[in-house]
Amino acid sequence: MKRGLLYLLCAAAPVAAQSLAVRSEFSRVDPFGETVPADRGSEPREILSPAVGRGGFASYRLVVEHPPDKDFTLHVAQNPDNTVKASLYREIYAKAGEAWMPDKLEPVPLPYTGKVVDSERPIPNQKVQTFWLDVLVPPDAAVGRFRLEVQLWTGDRWIIYPLEIRVQAHIYPADRPYRASLPAVGGQGSASAVNVFRSYLCAGAPPGNGAVSAGNGSGTVRGMIRRNALQDAALAAWLESERGGAAALRNTIALAAGVDTPERFCKEPKVALENEALLRVRDYLLTNRLRGANSITVTSK
C-alpha cells in the first residue's frame, strides 16, 4: 500500500518545464523568462518567416527554458545546407536598476551543450537562458526561401523551432554612411536602432539621445542592434532614388515606424517608438510592402 501511494505521488509531481522560443533582436528576456520591463507594452512579434537582405546580418534571440541542473544542446540546421553562416552567442545578464538585462555576448560553438545556470555567474532562481543567433547572408545567396531550424535537445527529446527565411533581392551597401551613439544598458531594447533611425531621418540631428555608455559596443547586444540598424539605414539611403525620391521614402519609413511625419519625430527628440516598430521599417525596405503601420502607437515622454 505504501509503495503504491509513493508511486502515485511521484507520478503527480510536476515536470520541470522545457521550451524553446525565438524572438526578435529587440525583445529581451530576463533570467526568469519574462520580457524585461523596458521592452514591454505589446506582445512580442512572432518570428516565423522573416525577410532578410543579402550581404548583411539578421539576428534573433533564442529563449531556452530547461531544468537548471541538467544539460541541454542547441543546434541550428539549414536546408539547403550552408545557405548562411550562423553564429551563436550566450547572452550575459547585467543588473540595471532592479532588472536583469541580457547585454554582453559570449561566443559559443554550434552545436552548444550547457546548462541554464552559469556556474561562474549564478543568478538566484534563474529558469531560462537566452542566446543571440547571428545569421550572415552572403551577397550571392539565392533569392527565395530556405528553412532554418533551431533545435533543442533536452536529454530525451528534440524541440524544434522552424523558420522559413525569405531571402530578398536587395544587397546591403558596403558603405555605412550614418553614425549613432550607443545607449545605456537599461534603455529600451530598440534604442540603439532608434538612434540610427534618427540619424538617418533627421538632417543635422545628433547621433542619439539618452545616456551613452563607454566603448564602441563590441561584443554587446546593443552594439549588434546598432550594426544591424546601420545596414538598414545604408539600404534606405541607396533606395531613395528608386522609391519616389528621398522625401517620399522618408515619409513612408516614418509611417512604417508609427510616426505621423518625419518632421514630428525630428522636432520632438523624446518621442518613443513601440519597441519592435523598426522591424516594420526593415520589412518595408526589403520587400516594398507596408504592413500594420497604423497599429503602432507613438508617445512623447
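Source: prediction; values computed, not measured. Count residues from 1 along the sequence.
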Task: Intermediate values then yes/no, salt bridge (Lys or Arg N to Asp or Glu O under 4.0 Å), R145 and E164 - done: CA-CA 6 Å; R145 299 169 186 258; E164 185 183 54; 2.8 Å; yes

Task: Verdict with reasoning, D71 to T113, per side chain to side chain donor-acceptor pair (under 3.5 Å) - done: CA-CA 7 Å; D71 283 344; T113 298; over 6 Å; no

- [ ] Determine, stepwise, if the pair R227 / D232 fulfils salt bridge (Lys or Arg N to Asp or Glu O under 4.0 Å).
- [x] CA-CA 9 Å; R227 177 205 64 188; D232 292 336; over 6 Å; no

TODO: Begin with the C-alpha distance, continue with both residues' side-chain angles, and end with the deciding distance and a verdict on side chain to side chain donor-acceptor pair (under 3.5 Å) for D103 and T220.
DONE: CA-CA 5 Å; D103 186 51; T220 68; 4.7 Å; no

Task: Worked verdict on Y112 versus F131 for ring-ring contact (aromatic ring centres under 6.0 Å, His included) - done: CA-CA 11 Å; Y112 168 76; F131 295 83; 5.5 Å; yes

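Look at R250 and E240 and you find a salt bridge, because one of the NZ, NE, NH1 or NH2 atoms lies within 4.0 Å of a carboxylate O, short of that distance. In this structure, R147 pairs ionically with E149, as a charged nitrogen and a carboxylate oxygen lie closer than 4.0 Å.
The CD atom of Q126 sits 8.0 Å away from atom CG of D118, with the distance rounded to the nearest 0.5 Å. Taken from CZ in R222 to CZ in R226, the straight-line distance is 9.0 Å, to the nearest 0.5 Å. M101 contributes atom CE, which lies 4.5 Å from atom CZ of R28 (distance to the nearest 0.5 angstrom). How far CG of L235 is from CG of L230: 12.5 Å, rounded to the nearest 0.5 Å. Atom CD1 of I47 sits about 8.0 Å away from atom CG of L163, to the nearest 0.5 Å. Here CG of L152 is found 5.0 Å from CD1 of I159. Values are rounded to the nearest 0.5 Å.
Counting only distance, with no hydrogens or angles, the side chain of D39 and the backbone of G189 share a donor-acceptor pair below 3.5 Å. Proximity of a side-chain donor or acceptor of S192 to a complementary backbone N or O of L182 within less than 3.5 Å is not detected. The closest donor-acceptor contact from the side chain of E276 to the backbone of R45 lies under 3.5 Å. Listed for the R61 side chain is a donor-acceptor partner under 3.5 Å among the backbone atoms of E25. R54 places no side-chain N or O within 3.5 Å of a backbone atom of A142 that could act as its donor or acceptor partner.
Counted within 6.0 Å of CG on D81, heavy atoms from surrounding residues, nucleotides or ligands total more than 12; the atom is thus considered enclosed. Residue-environment remark: NZ (K70) stays at or below the threshold of 12 foreign heavy atoms within 6.0 Å. For E242, the CD atom is densely surrounded, since the number of other residues' heavy atoms within 6.0 Å is greater than 12. Surrounding CG of D156 are more than 12 heavy atoms belonging to other residues, nucleotides or ligands, all under 6.0 Å away.
Using bins of under 30°, 30° to 60° and over 60° for the plane-to-plane angle, the ring pair W153/W158 lands in the tilted bin.
Contact of the Q78 side chain with the K85 side chain is not registered, since no non-hydrogen atoms from C-beta on lie closer than 4.5 Å. The shortest distance between side-chain heavy atoms of V63 and L20 does not fall below 4.5 Å. Considering only heavy atoms from C-beta on, V221 stays 4.5 Å or farther from M224 through its side chain. Under the 4.5 Å side-chain criterion, counting only non-hydrogen atoms from C-beta, F197 is in contact with F265.
Contacts of Y161 classified as ring-ring contact (aromatic ring centres under 6.0 Å, His included), with partners at least two apart in sequence or in another chain: none.
V29 and V185 are not part of a single hydrophobic cluster, where members link through side-chain heavy atoms under 4.5 Å apart.
Of all non-hydrogen atoms in E274 and Q188, the two that sit nearest each other are C-NE2, 4.3 Å.
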May I have the list of side-chain donor-acceptor pairs in residues 30-38 shorter than 3.5 Å, sequence neighbours left out?
residue: D30; atom: OD1; partner: F32; partner atom: N; Å: 2.8
residue: D30; atom: OD1; partner: G33; partner atom: N; Å: 3.1
residue: D30; atom: OD1; partner: E34; partner atom: N; Å: 3.0
residue: T35; atom: OG1; partner: R23; partner atom: NH1; Å: 2.7
residue: T35; atom: OG1; partner: R23; partner atom: NH2; Å: 3.3

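For Y172 and F57, the ring centers are positioned 6.0 Å apart or more.
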